[in-house]
Every structure is written in C-alpha cells, then in structure tokens.
Number of protein chains: 2
Amino acid sequence: MTGFTIKDVAREAKVSVGSVSRVLNGLAVSEAMKKKVDAAVAKLGYQPNSLARSMRTRSTGAVGFLVTDISNPLYGATINAVDARLRANGLMLLLASSGNRLQTELDVLAEFKRRRVDGLLMAPGSDANGPMLETLERFGAPIALMSGDFPRRFASVTTDYRSGVKSATRYLLDLGHRRIALLTPLAHLWPGRERIAGFRAAFREAGLPEQNALVRPQNLGLDTADDVADLLDVAQPPTALVLLGTRILAGALRTLRERRLRIPADLSIISIGDTEWTAVHEPPITALRWSADDVADALVGLLLAQINGVAAGAAPGRVTVPTELVLRGSCAAPRDPGA
Amino acid sequence: MTGFTIKDVAREAKVSVGSVSRVLNGLAVSEAMKKKVDAAVAKLGYQPNSLARSMRTRSTGAVGFLVTDISNPLYGATINAVDARLRANGLMLLLASSGNRLQTELDVLAEFKRRRVDGLLMAPGSDANGPMLETLERFGAPIALMSGDFPRRFASVTTDYRSGVKSATRYLLDLGHRRIALLTPLAHLWPGRERIAGFRAAFREAGLPEQNALVRPQNLGLDTADDVADLLDVAQPPTALVLLGTRILAGALRTLRERRLRIPADLSIISIGDTEWTAVHEPPITALRWSADDVADALVGLLLAQINGVAAGAAPGRVTVPTELVLRGSCAAPRDPGA
DNA sequence: TTGAAAGCGCTAACAA
DNA sequence: TTGTTAGCGCTTTCAA
C-alpha cells in the first residue's frame, strides 16, 4: 500500500540492500549490479523513503521559508523565485505565513526545527528582538533573513527602502512640493522605519522643516481611504502622497477618485512597490521598484553558502538590493508651488 | 550541535525513553513523571525529531501543494488560506510551483511521494491526462485536485467558470453587444475550455451566431497588448472584451489607453477574476469573482475527510465554487447597437 | 565490488 | 504506571 522498501528491491534483484543503496546513490558498482537494481526499481515503481534517508544522513533537503503574507503581490514574486532556485539545488520549500503574529512565528520556527530543515529563510513580521533573536540563535541550522536590521551574526538581505524613499521624496521636493505625506503600514517594524527615515532625510537634506513631512502610519485594521480623507480635510493639505503597498495605494486612489481630485494636477502620487497595475492606471503611477529575483537570488545564495560550508569562518553575508524610481505620469509640480 | 535526543532527556530526567515518549505524546503518566520530564525538556530545549517520529507512525504531518504559479494574485489568496487551514489542523505545507511544465509537475510529485506526504493538493498546470493521471493513481496518499475535469475517483473542487462566463457574456449581450471577444490564457486546459464553453453557450442560448463569439487564446509568450491591437484593426471590431487574468487585463487596458479608446463608451470590458485593482481603475471594472477562502476550505476539507478516514467508502467529494458578477462601471450599451 | 550488520531517534508492544 | 526492546527504511562501516 504505502509502497515498497529497499528490502523489496533487494529481494527482487537478488542482491543485498547495501548494493541497492549504492546504486541509488550513484556509488561504485558493477555494470551488472546497476542493471539488475535499476530493473527491479523500475518494475516495482520504487521511490526511496526520504525520511529514512534523512535520518541517517542528517539532512532533510528541506528549507523552511517563513513569510508574513503569501498573498501580498509584492512577496509573491519573491516566493516563486525562491522556490525555483531552491528546487534547482535539490531542495524543497516548506512555506508558512505568519500573518505578522509573533506567536505564529515562534510556533512555525519550532515546527521547522522539529522537521530538521537544512536551512531557514525568514522575513520577520514582528520586530526581531529578544525572544525571536534567541530562538534564531538556537535554531541550529543555517539562516538567511530578509527585510530587517539584524545583528551582524545573521546573513541577511535587505531592500534599500531608505535611499529609495529618500530619492522619491527628493523628486517630489524638486518638483516644488513642500507638504508631502507618507503612508506606510507597520511603521514600528524595520521596513516602515527605514522608509520613514529616508522620507525625513530628504526633507532634512533639502533644508526643509521636518514638520512638513507628514508621516501617517497605517494600521492593518485601519481603512486607508478614510485616513486619506482626514489628511485632505485640513487647511493646508499635502500636495503629494507617498504610498506603500497594494492595499494602501488602492485605498488612497479610491478616495481621490471619490473626491474628483485629479492626478497629478491636484495631487501627486508615488507608489512604493511596483506591480503590473501601476503602469495601467490612468495616469500611470510613478513607482519605486526593486527586483524580486535579486532578493531571491541573494537570499538563497546566502543560505546555500552556509549549507555548503563555503562561507565557513567568514562573516555572514549582507546584501542590499537597490531600488529604482520609475518615472511615469502621476507626479507634477504643485498647483501653488512653495505654498 | 544538532540538538538533543529523547535519550538525553531520559538521562536528564532519570527515567526511561519510553516514559519520555509517553509524556511527549500526552499518554497516561503520573504527575511526578510528567513534572520530571517537562523539566528536563525545558532545561535542554529539546525538540523531538519529527523524522524519527514519522518513521514509526508512518505519518509526516506534511501536505504537498503543487500550483502553477505562486505569484499569480488570483492564486495567492488561496495558498494563504490553505496554509492557515492546514496549520490549524496540525499539518505543514510543502509548496511547489510548476510553471505549467509537465516534467516539473512529475518531478515534484515524485519528490512529494519520497517525502511521504500525508496528502496532496494540486492544481494541474498541464492537462491531467494519461501519464499524470497514472502518477496520481499510484500516489499512495489522499488527493484533492482543483481546477480541472477529473475522473470521479478523485476528490476535486472547481470554480464554476462556465456559468460565470456565460452570465457575464449574457450581460453584455443584453446590453446590446453582438461582437464580443474572449481573451484567455492556456485555452487548451480545463479552465480555459470551461470559459470558452460558457462564452459560446451564451451566444447559442441567445440564438446568435457563434462566429460573433471571438475566442482569442493567449499564449504565455504572446503580448496581449499586441493581440488586442490586431483585434481592433478590422472593419467590424468587437464592442466588448472579456479578459482573463491580471496580465491579460493589464495588457489590454494598456492598448486601449494608447488608442485613446474610452471605457465603456467605446468598448466594454469584463474581467474574469477580481483583484484589489479592478475597483480602483477608472472606470471601475466589472468583474467575475469567486471566493479564494471557499476554494481553500473545500480543498482542505476534502483532503482531511480522506486523511481522517471520515469519507471511507463514500465516493470522493466534488465541490463547485460559484462565481458572482460584480457590476461596476466598465460596461455600457454599444455605440451602434445591433451592428 | 559485494554482503552483513549496526544504528539514526523515535513509538509501541510486551513485561514487570 | 513504568522500563525494556524491537523495528520503521535507510546509509555506512567493516569484512570478505
């Protein structure tokens, strides 16, 4: 029912189990032996039990990847690429989504550990502090982290949100905007903090008061559409919006349309993160973009280096993936420059 | 290094390994025993090796999910929901993406089998025929398939594309459209065929010539934008477009904008599949929607029923998830009705 | 090159 | 209730 074992194959081929194992693993065997075993394997449709194998070799060929949200389009491409690269290296992906819940993260990490994964990939959705770092410390397998400010002892790949948002903001400032709002989710986590830092730095470097840099953290529950409405209902509303993530961008655009505000005539918009839709919108939306493939390459590369012991002794790698501002049609000089 | 074994815990607690196992599995033990073992486990930070456990119990607690494309937003929500439901049932998700390549599918299935997954979830990306069906037949673990027309012996959940596209098409016909084009990817696979069938059925039932039902299959390589351009460059171009999938919808919208064709004044549009963006587009796009949560619920439900032996003897379940046409602003009567 | 046998870490059957 | 031990399916010495 469940399938055949190596014993069955040995009996069928009239050889010892050791020899079957050798054939299966491509070790030195005679031609005749290989032929006999291959025939028996084919006849029975035998598939080796990788659990038993893992038990002996102490290697599972599985890599755990813990993300915050699989359905986030900004993540999807990365997961896809990680899966492909892992498989190309004979590894299998164990995927789990934490929904940004610390307890879920801890649970999943424990599960990965019980399953003795050969490596761990993780985008922390809660702040990687105390308990989490300790757990990672004790994890017992190579780790590559993404999107965070981690201690140097961990390999990590980060997207350069800070420079990206800074240049996006500077672009708006150069156009003449003086009051700009940044809407970002999870402002207390690293990605949010980086974006805010870049945003403020642009104002500072331009010699402008940071009070004009309106930071509006978006909570997961909060409706961006409402928040944008509030933002606009003041005497001196912002003339430009920097928006992060599909949901926030979508929510903001909805409000703007309801109010019949035109982009970019009445308000300029920049999206942090590029999807298929930004180019389709009317007008096309200027966006900050980065390569999901590069992130995946770096992540898997850093992990494999550790698994294969290539980086033995060396300090864990740190990769920063650059961002690029794609200029489209959603930004223009404000109606009343310098106001 | 790798971690402690049950033997270490037994020694630490000064009890036998059998007793440790019993405590770990919540079997009958004395209070004193439980206390001693728990203390030792905590002290060592022991995590049971689930490989060894699986080997004895012949259950891995892992479910393989083979999809065609993780980054497809239409899939992302389903994967997320499947992950959550699986974990709620103590199962772990092994995810792989085939990119619609048959060989990759076969490879992944073999790998899942070697890993002795407790169940298989799959959305075939190649047509589920001969070799694939045979492979599934011999898989040796419960299976629940999605998006396809499978033999009755397999449990499956399908989205009712046929009725959905039919009612979408009828909606356009009722508005007065007579020449309508359907753009769908992978027309040779089940989902594509179902949509085409529904599309044609609407014409047939309305007593209209099926030649007016313009089916334009989209190959993965082909640029939809170009194809839409071709489609419009004829004496009697279609007055409405039914578009499937993010990429095709985006490509088509791009062409329409370049040509300064207005929606819905010059052309009506319906999207098969709803995302956050359809509602944001100007005008908001009328779309056919279905619940990713319902698909995930059905899929996991059908699998668990088999794993837990609830459905023993009964015919494998078949679930059809309904679709719903969300009316927004992208459809209107054609300029020249009945032309 | 091949066979025999130990053992990976755990569970479960059997004894005590 | 607890301890002892066989054995899950494989890899890997060690002898032959």
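Sequence lines set the chain letters: A, B, ... in the order given, protein chains first and strands last, and positions in each chain run from 1. Everything numeric in this text was worked out from a predicted model, so none of it was measured. Just the heavy atoms: all of them, side chains too, but no hydrogens, waters or symmetry mates, feed the values below.
Considering only side-chain N and O atoms, B:R58 lies under 4.0 angstrom from the phosphate OP1 or OP2 of D:dG9. Distances shown here put every side-chain N or O of A:R53 at or beyond 4.0 Å from the OP1 or OP2 atom of C:dC8. Look at A:T5 and you won't find any side-chain N or O under 4.0 angstrom from OP1 or OP2 of D:dG9. The phosphate of D:dT1 (OP1 or OP2) has no side-chain N or O of B:S19 nearer than 4.0 angstrom. Between C:dA12 and B:T57, no contact under 4.0 Å exists linking OP1 or OP2 to a side-chain N or O. Remark: B:S21 is not in phosphate contact with C:dC10, judged by side-chain N or O atoms under 4.0 Å from OP1 or OP2. For the OP1/OP2 pair of D:dC8 and a distance below 4.0 Å, the side-chain nitrogens and oxygens of A:N49 include no atom meeting the criterion.
For the pair B:K14 NZ and D:dG3 P, the interatomic distance rounds to 13 Å; values are reported in whole Å. The separation between B:R116 atom CZ and D:dC8 atom P is 14 Å, rounded to whole Å. Rounded to an integer number of Å, the gap from B:K7 NZ to D:dT4 P is 12 Å. Summarising the geometry, the separation between CG on A:N25 and P on D:dC10 is reported as 11 Å, rounded to the nearest angstrom. In this structure, CG of A:L27 is placed 12 Å from C1' of C:dT1, rounded to the nearest angstrom. D:dT1 atom C1' lies 17 Å from atom NZ of B:K35, rounded to whole Å. The CE-P distance, from B:M55 to C:dG7, rounds to 16 Å in whole Å. Per the geometry, NZ belonging to A:K34 stands 15 Å off P belonging to C:dT1, to the nearest Å.
Of the residues in residues 36-47 of chain A, not one places a heavy atom less than 4.0 Å from an atom of DNA chain C.
Picking from D:dT11, C:dC10, D:dT1 the nucleotide with the shortest atom distance to the side chain of B:A52 gives C:dC10. The B:S16 side chain lies nearest to D:dG3 when the options are D:dG3, D:dT11, D:dT5. Comparing D:dG3, D:dT1, C:dG9 by their closest approach to the side chain of B:M33 singles out D:dG3.
Electrostatic pairing of A:E105 and A:R101 does not count as a salt bridge here, judged by no charged N lying under 4.0 Å from a carboxylate O. By the 4.0 Å N-to-carboxylate-O rule, B:E111 lies close enough to B:R114 to be salt-bridged with it.
In the interface, the side chain of B:R56 is paired with the base of D:dG7 through a donor and an acceptor atom under 3.5 Å apart. Side-chain atoms of B:R22 come within donor-acceptor range of the base of D:dG3, with a qualifying N/O pair under 3.5 Å.
B:S97 and B:D69 share no donor-acceptor pair across their side chains, judged by distance under 3.5 Å alone.
B:T68 OG1 to B:L186 CG: the interatomic distance, rounded to the nearest 0.5 Å, is 7.5 Å. For the atom pair CD (B:E12) and CG (B:L44), the distance works out to 5.0 Å, reported to the nearest 0.5 Å. The line from CG of B:L94 to CZ of B:F65 is 12.5 Å long, rounded to the nearest 0.5 Å.
Side-chain contact between B:V108 and A:R87 is present, with at least one heavy-atom pair separated by less than 4.5 Å.
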Would you list the atom pairs, donor with acceptor, under 3.5 Å between side chains in residues 131-142 of chain B and any protein atom, with sequence neighbours excluded?
unit_1, atom_1, unit_2, atom_2, d
B:T135, OG1, B:P131, O, 2.8
B:E137, OE1, B:R153, NE, 2.7
B:E137, OE1, B:R153, NH2, 2.7
B:E137, OE2, B:R153, NE, 3.0

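Comparing the start and finish of the helix from C:dT1-D:dA16 to C:dA16-D:dT1, five pairs each, the helix axis swings through 40°, to the nearest 10 degrees.
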Check: Passes side-chain contact (heavy atoms from CB on, under 4.5 Å), B:N25 versus B:R53? Steps please.
Finding: CA-CA 11 Å; B:N25 293 295; B:R53 171 176 295 179; 3.8 Å; yes
Note to self: Between A:K35 and A:D38, is the salt bridge (Lys or Arg N to Asp or Glu O under 4.0 Å) condition met? List the steps.
What the structure shows: CA-CA 5 Å; A:K35 210 161 278 176; A:D38 284 345; over 6 Å; no
